[in-house]
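I have a structure here, written as structure tokens, and I will follow up with some questions on it.
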Amino acid sequence: MLSLALVLTENVYPDLSGVGGRTTLVSIVGALLTFVLIVAVLMIIISGVVWAVSSSSGNAQAAQKGKVGVLVALGAAALAGAGVAWMNFLLRLGDTL
């Protein structure tokens with residue numbers, strides 16, 4: 001009886017085309033990416049200015065905070081780009097299932 005149930009459920013695969021909202025997901029991810037990249041660019045500019053002004057005025061602690069801000073903004077932009085690449089990979093993978 002158990003082997004009969006396994007044989008009957010062997011050809012069951014997920015139907016990802018039956019789930020709606022793919023275009024909504026793509027547009028939401030695109031909007032979030034735009035927002036993150038705009039904030040990252042603004043953060044790079046502001047942190048770079050703080051780093052430059054602090055370094056020239058001899059304030060080592062503020063210069064360090066500006067440097068950390070630039071690196072965090074670059075990391076956020078890189079993670080946002082990697083997130084989009086990951087989402088595109090998963091959407092392409094979903095089409096092949």
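Since this is a predicted model, take the numbers as computed values, not measurements. Computed from heavy atoms alone, side chains included, the values below leave out hydrogens, waters and symmetry copies.
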- Point-to-point distance, once rounded to the nearest 0.5 Å, from CG of Leu33 to CD1 of Ile38: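 Answer for the CG-CD1 pair, Leu33 versus Ile38, is 9.5 Å.
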- Spacing of CD belonging to Gln64 relative to CH2 belonging to Trp51, to within rounding of 0.5 Å: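 Gln64 CD to Trp51 CH2: 9.0 Å, rounded to 0.5 Å.
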- Task: Would you name the heavy atoms of Ala40 and Ala77 that are closest together and state the gap between them?
- Result: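 That would be CB-CB, 4.1 Å.
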- Looking only at atom types and distance, does a side-chain atom of Ser27 sit under 3.5 Å from a main-chain N or O of Thr24, one as donor and one as acceptor?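 Between the backbone of Thr24 and the side chain of Ser27 there is a qualifying donor-acceptor contact (under 3.5 Å).
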- Should Val72 and Met43 be marked as a side chain to side chain contact (heavy atoms under 4.5 Å, CB included) after you check the CA-CA gap, both sets of side-chain angles, and the distance that decides it? CA-CA 9 Å; Val72 167; Met43 189 174 166; 3.8 Å; yes
- At their closest point, which heavy atom of Val36 faces which heavy atom of Ala80, and how far apart are they?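 The pair with the smallest heavy-atom distance is CG1-CB, 3.6 Å.
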- Going only through I, L, V, M, F, W and Y residues with side-chain contacts under 4.5 Å, is there a path from Leu79 to Phe35?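 No, Leu79 and Phe35 fall in different hydrophobic clusters.
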- Steps toward side chain to side chain contact (heavy atoms under 4.5 Å, CB included) verdict (Val41, Leu37): CA-CA 6 Å; Val41 167; Leu37 290 178; 5.5 Å; no
- Nearest heavy atoms of Val70 and Ile44, plus distance in Å: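 That closest heavy-atom pairing would be CG2-O, 4.1 Å.
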